[in-house]
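Note: hydrogens, waters and symmetry copies are ignored here, and every other heavy atom, side chains too, is used.
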Amino acid sequence: MIVVLSVAAGMILWVVLWAFGAKGFDGAMLFLLVLLAAGTIKGIGRLLPGNQDAERAQPDAAPFN
């Protein structure tokens, strides 16, 4: 969800900057920076201790159950 929201926010930022007279390339670079930050947050967020799956977080059951 964060990637979808960052795409929308990045596109809005690009259009607003372009409307204020900035070059389109500069707005595109900021758009890509927003996307890169969102992808990094999403990728690192899965690896944090509180965000792991319950099945992977619990140890395996003993084989003699």
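The shortest non-hydrogen separation linking Leu17 to Gly27 is CD1-CA, 4.4 Å. Closest approach of Leu35 and Val3 over heavy atoms only: CD2-O, 4.4 Å.
A continuous path of Ile, Leu, Val, Met, Phe, Trp and Tyr side chains, each step under 4.5 Å between heavy atoms, connects Phe20 with Ile12, placing both in one hydrophobic cluster.
To the nearest 0.5 Å, the span separating OG on Ser6 from NZ on Lys42 amounts to 10.0 Å. To the nearest 0.5 angstrom, Trp14 atom CH2 is 11.0 Å from Phe25 atom CZ. Between the CG atom of Leu36 and the CG atom of Leu32 there is a distance of 8.5 Å, given to the nearest 0.5 Å.
At distances below 3.5 Å, not a single donor-acceptor pair connects side-chain atoms of Trp18 with backbone N or O atoms of Lys23.
Met1 shares a hydrophobic cluster with Leu5; the chain of contacts runs through ILVMFWY side chains whose heavy atoms sit under 4.5 Å apart. Connectivity analysis of hydrophobic side chains (ILVMFWY, heavy atoms under 4.5 Å, direct or indirect) links Val15 to nothing; its cluster partners are none.
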